[in-house]
Each structure stands twice: as C-alpha cells, then as structure tokens.
There are 2 protein chains.
Amino acid sequence: MPDTTGLDIETMRAAAGEATGLLRLLAHEDRMLLLCQLSQAELCVGELEERLGIHQPSLSQQLGVLRREGLVETRREGKHIYYRIGDPRALQVLETLYGLFCKQNGDTR
Amino acid sequence: MPDTTGLDIETMRAAAGEATGLLRLLAHEDRMLLLCQLSQAELCVGELEERLGIHQPSLSQQLGVLRREGLVETRREGKHIYYRIGDPRALQVLETLYGLFCKQNGDTR
DNA sequence: CAGACAATATATATTTTTATATAATATTTT
DNA sequence: AAAATATTATATAAAAATATATATTGTCTG
C-alpha cells in the first residue's frame, strides 16, 4: 500500500473529491455494464440495448451521463451513434473490479 | 483489458451489482478519506477526527456504515475503539485510485 | 422532394436514496 | 458517579434514479 499519510489534508481532500466523482459515475449497475461492454468494443446504442436488455430511454440517459462527464466518446455513422470509452482512468478502475468480481473461481480467461 | 464479453448477462449483472455495491460505499468523500487513513494504520475515532477534521458524530456515522458493510473492523482498547480495514477488495480499489489521483505529478513517494 | 420509418436523444414528473446536522443516548474506564 | 469516547435517532435537505412521453436527426422510398 502506498503511503498517503504525508499528504496534507487539503491535497487529500481534493484527490478524494476527484476519485469519488469518478466512483459515483461507476456506482450504477447499468452504467457499469455499459462501460464493461465498451471496454471490449466500440458499440452503437442498438447493440448495447440488445446485449444488456436495457430499455432505450434509460440507456440513452445513462449514456448521456457518461458522455457529459467524459467517460465515453461518440462517433456518428449514418443513423447509428457509436460509443467508446474515453477515459483511461475509468478503464483502469474497471480492470481492478474485473479482477475482484469477475475473475474469481479459477476462471483464467 | 480482460475479455468479459463471453459472460452471460445474468452473471455479469450479478458481478456488476456486487461491484457497484462496493463503489457506492467508496463514493463518499469522508468515507474515502477515512479508508485512506486506515489503509496506513489502525486508528481510533479521536485520531481520525483530528487528522481529517470531521465532526465526531459524522465520523461515527460513516464509520458505522463502513462497519455494517464489513469494510472496516474494530478492536476496543480501554476507552478507545480502533478501526482498521477489513476488506481486501476495498484496499485494492483504493490502491488503484491512489495511482490515478494521488501519485501523479512526479511524486514518487 | 415529401412522407414514413428507424435510431437516438431529451424533457419532465415522480419516487427513492443518500447526505447532513443536531440532539440524545450508550459504554467503558477511572 | 464522572469523564471521555463513541453510537444511535431523528428531522431535514439534496441528489439520484426511474418511467413515460416527446423530440430530433438521418435515411430511404415513391
């Protein structure tokens, strides 16, 4: 574990604020699933809807949250809008969580 | 990035539920700061209060949340109650966040 | 080009959850 | 019993989540 005790409280609070800001965005089941999908491939809304079984307006709303906060980026292709991860920090947290909650039980995928 | 696309949606949802459950607990500035302190040392409430400048009842309330959810464990010594981290998963997420939000700017501590 | 259709986004209202502050109470040691 | 420390209860405020309805944008057909 890294030693954070030397940091003054103001600095720590600032970092904690940033960190919790990111965590709040990730701490939502649908958004988490969206990001997991997007960590594997760029996908359009319809594909996400099909894979996750989330109703379109909910989907679009959560994608909107992620977009406004910079966690995902988009690209339009005809009537489809493709989403991809746009924040490497989110990706790294996702990776840690994968190790903790998905990889257990000898699944060495 | 690990490949999660092969997991069926039910399994993914279950894992996402667990993961977001943990994240919700971490996505709170005071709780985050508490856990950061406790990642370095076992501390009693008074010490936490002094280090973080959080009012005692707020502190106790958030410690209560963390305790009920198993993220921290306690030990009594006289009139003091010492807290320590009780969930290795929390520790690992904290470590990732430290790398992303605290270690930047050439701080090689 | 108008009109229809398909994909995605936004707005709004409602409910639920979470946070915050204060006050009151409990526990343990001396 | 008193002092120090910690916990719980309660009320209020603020923030998120959810569902439903509606709007926008682009494409294709006749």
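Only heavy atoms go into these numbers, but all of them, side chains included; no hydrogens, no water, no symmetry mates. Residue numbering restarts at 1 for every chain, and letters A, B, ... go by the order of the sequence lines.
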I need the NE2-C1' distance between A:H80 and D:dC28, as an integer number of Å. 13 Å

OP1 or OP2 of D:dT7 under 4.0 Å from side-chain N/O of B:R67: yes

Whole angstrom is fine here: how far is it from NE2 in A:H55 over to P in D:dA17? 18 Å

Would you mind pulling out the nucleotide paired to C:dT30, Watson-Crick or G-U wobble, both distances under 3.5 Å? D:dA1

Residue closer to the 5' end of DNA chain D, A:Q56 versus A:A27 (nearest nucleotide): A:A27

Rounded to whole Å, NZ of B:K79 lies from P of D:dT7 at a distance of 16 Å

Between A:R24 and A:T74, which is nearer to the 5' end of DNA chain C once each is assigned its nearest nucleotide? A:T74

Distance-minimising heavy-atom pair for B:E29 and A:A16: CG-CB, 4.0 Å

Taking every heavy atom of B:A27 against every heavy atom of A:R24, the minimum-distance pair comes out as O-NH1, 3.4 Å

Does A:Y83 reach a base, just sugar-phosphate, or nothing at all? Heavy atoms under 4.0 Å. sugar-phosphate

Protein-nucleotide distance (B:H28, atom NE2; D:dA14, atom P), rounded to Å: 15 Å

Just checking A:G64: base, sugar-phosphate only, or nothing, at a heavy-atom cut-off of under 4.0 Å? nothing

Report the distance from atom CG of A:L25 to atom P of D:dA15, rounded to the nearest whole Å. 15 Å

Below 4.5 Å, heavy atoms only, C-beta onward: do B:V93 and A:L97 meet side chain to side chain? yes

For a quick test of reading the model: is some side-chain N or O of B:S60 closer than 4.0 Å to OP1 or OP2 of D:dA6? no

Please report, rounded to the nearest Å, how far the C1' atom of D:dT27 is from the CZ atom of A:R76. 11 Å

Test A:I85 against every option in A:L91, A:L66, A:L71, A:L34 by the side chain to side chain contact (heavy atoms under 4.5 Å, CB included) rule and name the one that passes. A:L91

Let me know the distance between CG of A:L66 and P of D:dA17, rounded to the nearest Å. 11 Å

Is any side-chain N or O of A:R31 closer than 4.0 Å to OP1 or OP2 of D:dA17? yes

Taking all non-hydrogen atoms of both residues into account, name the closest pair between B:L25 and B:V65 and its distance. CD2-CG1, 3.7 Å

Between which nucleotides of DNA chain C, read 5' to 3', does contact with chain A run, using atoms under 4.0 Å from its heavy atoms? C:dA6 to C:dA11

Name the residue closer to the 5' end of DNA chain C, choosing between A:I81 and A:Q61 according to the nucleotide with the nearest heavy atom. A:I81

When B:R76, B:E73, B:R75 are each screened for side chain to side chain contact (heavy atoms under 4.5 Å, CB included) with B:Y82, the one that passes is B:R75

Rounded to whole angstrom units, what separation is found between the CD atom of B:Q62 and the C1' atom of D:dT7? 13 Å

State the OG-CD distance between A:S39 and A:Q37, to the nearest 0.5 angstrom. 8.0 Å

